[in-house]
Amino acid sequence: MRPDTIVAPATPPGVAGLAVIRLSGPSTITVLNRLLPEQRWEKQPSHTLRLVWLKDGKDRVIDQVMVALFRAPRSYTGEDMAEISCHGSPLIVDRIVRLCLNHGCRLARTGEFTRRAVLNRKLTLSQAEAVLSLVNARTDLAHQQAIAGYQGATTRFVQTLTSALRDLYTEIEYLLSFDEEDKVEQDRLENKTAALLRHLQHTIKQGERQRFLFQPARVAILGRPNVGKSTLFNRLLAEERAITSPIPGTTRDRIEATTTIGPITVQLIDTCGFDPGTRNPLTRLGTRQTERAVTNCDLLLIVFDGSQPVRDQDKTILAWTEKMPKIYIINKSDLKRRLPDEFLPQPAIAVSGKTGANINKLRQALLRHLRPLSGNTTCPTTSRRQLQALRDCYSALRASTRSPDLATRAADIRLALDALAQIDAPVTTEEVLNRIFQSFCVGK
Ligand SMILES: Nc1nc2c(ncn2[C@@H]2O[C@H](COP(=O)(O)OP(=O)(O)O)[C@@H](O)[C@H]2O)c(=O)[nH]1
Ligand SMILES: [Mg+2]
């Protein structure tokens, strides 16, 4: 079936210097001929620009635009494409897009240009995911990593690993062709498998630690009312986002805000006081909301008031969060200390939300917890989906070492290869493609 020709603004809505509208598909030239009938677009060479006046159906000029033409297969999507640059007015963009729709285009779905690039083998799936990471990168390291993926670092990693697994498979087939056991060959097989397992495990670990370069880490601030959670929240954001006051229960709702700490993005959550024993219905609702927020967090900042003796509520929180990843914080270090040291099972960081003392130390602790890998090490996987494929590959290869016989072992290695192939699978299910491309913008 001949694919539709799609159109979408590639620049964000709003007023700007310029805006770009993209077209892709087999009717691109036909649409251009209808849109700009004074030119003969079928004669226009690929990769050239033209400055033209664009008019509406009633011969009124909409704007002076620059049209770039890219012919298949030498384009981003692999299809005929045009990019129309106009003045950055939402009204002009809207008019041009409408005209394209009238002349036979359909509005592109989110990520559809990149999706077509994958289907036409212009990009591998992992490169397409890197495009998404690139657009969303908010820190240097995330950007660097995304560029590496876009240039094919993930694809090369998959290819190298695939050929190593194929060698393993061939070796097993060789062993299978003999009746007698070959001790030397068998040992070689074990060593090679063990080395591959170590390599995979290392990459998976790296990938897990890099996770927060591309998706924000969810970090919740927890503690009984009035210990200074909102004050700390504002400090970490370096702005007055949450209202603070000496009245317990000032924060009634969960407040979230995004900030960056070093190379990672953090979604910081200020919770209302946690008080499971309360009779106050509002606090009870808040407590329930806090419980929900906390259970899908990557890290907790558990705050105590250093100027007060231990309360029952503190003990409840301590017990409730025993098994969760956390940093203990003793706040109000500017006041006289009345909280006993031995109260906490592991060292805490003493800070003052009020004066800002030790807040940088807290930021470093956060970074250590969320990104234990130091330096600028980059890693070949950049998405949750890729990481899952690597884990599946690892499990299958691991299972192969416990196989009762060589034939089963060969089958396990096939499974490992299949899992690995998912990362760049050129033909994959609609569902997988939808999941990847739904987080793109329209026009990408
Ligand atoms: N002296 C001192 N007071 C603080 C500090 N942090 C917060 N407070 C005060 O403690 C009270 C409660 O703070 P708030 O951030 O609203 O606590 P929350 O209920 O845990 O969110 C306010 O009066 C703050 O000014 C601190 O580090 N030192
Ligand atoms: Mg508060």
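Note that the structure is a prediction, hence the values are computed from the model and not measured. Start at 1 with the first residue, then count along the sequence. Atoms within each ligand, like the ligands themselves, are counted from 1 in listed order.
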**Request:** Compute the shortest N/O to N/O distance between D270 and ligand 1 and return yes if it is under 3.5 Å, no if not.
**Result:** no
**Item:** N/O separation below 3.5 Å, K229 to ligand 1
**Value:** yes
**Asked** Of the backbone atoms (N, CA, C, O) and the side-chain heavy atoms from C-beta on, which set of V351 has a member under 4.0 Å from an atom of ligand 1: side chain, backbone, both, or neither?
**Response** neither
**Message:** Please classify the L335 to ligand 1 contact at 4.0 Å (heavy-atom distances, strictly less than): side chain, backbone, both or neither.
**Reply:** side chain
**Prompt:** Between N331 and V227, is any pair of side-chain heavy atoms under 4.5 Å apart?
**Reply:** no
**Fill in**
Residue set satisfying salt bridge (charged side-chain N to carboxylate O under 4.0 Å, His left out) with D4, at least two apart, ordered chain then number -> R106
**Per atom 21 (O) of ligand 1, closest listed option by heavy atom (P225, S230, A350)** = S230
**Message:** For D412, run the side-chain hydrogen bond (donor to acceptor under 3.5 Å, both in side chains) check against S403, S400, S395 and tell me which one passes.
**Reply:** S403
**Asked** If you count the atoms of ligand 1 from 1 in the order shown, which ones are under 4.0 Å from a heavy atom of D334?
**Response** 1 (N), 2 (C), 26 (C), 27 (O), 28 (N)
**Asked** Using the ring of each side chain (for Trp, its six-membered ring), is F304 parallel, tilted or perpendicular to Y328, with breaks at 30° and 60°?
**Response** tilted
**Request:** State whether a side-chain donor-acceptor pair under 3.5 Å links T193 with T401.
**Result:** no
**Prompt:** side chain to side chain contact (heavy atoms under 4.5 Å, CB included) with R156: which residues, sequence neighbours excluded?
**Reply:** A153, Q159
**Item:** S230 N/O/S atom closer than 2.8 Å to the Mg ion (ligand 2)
**Value:** yes
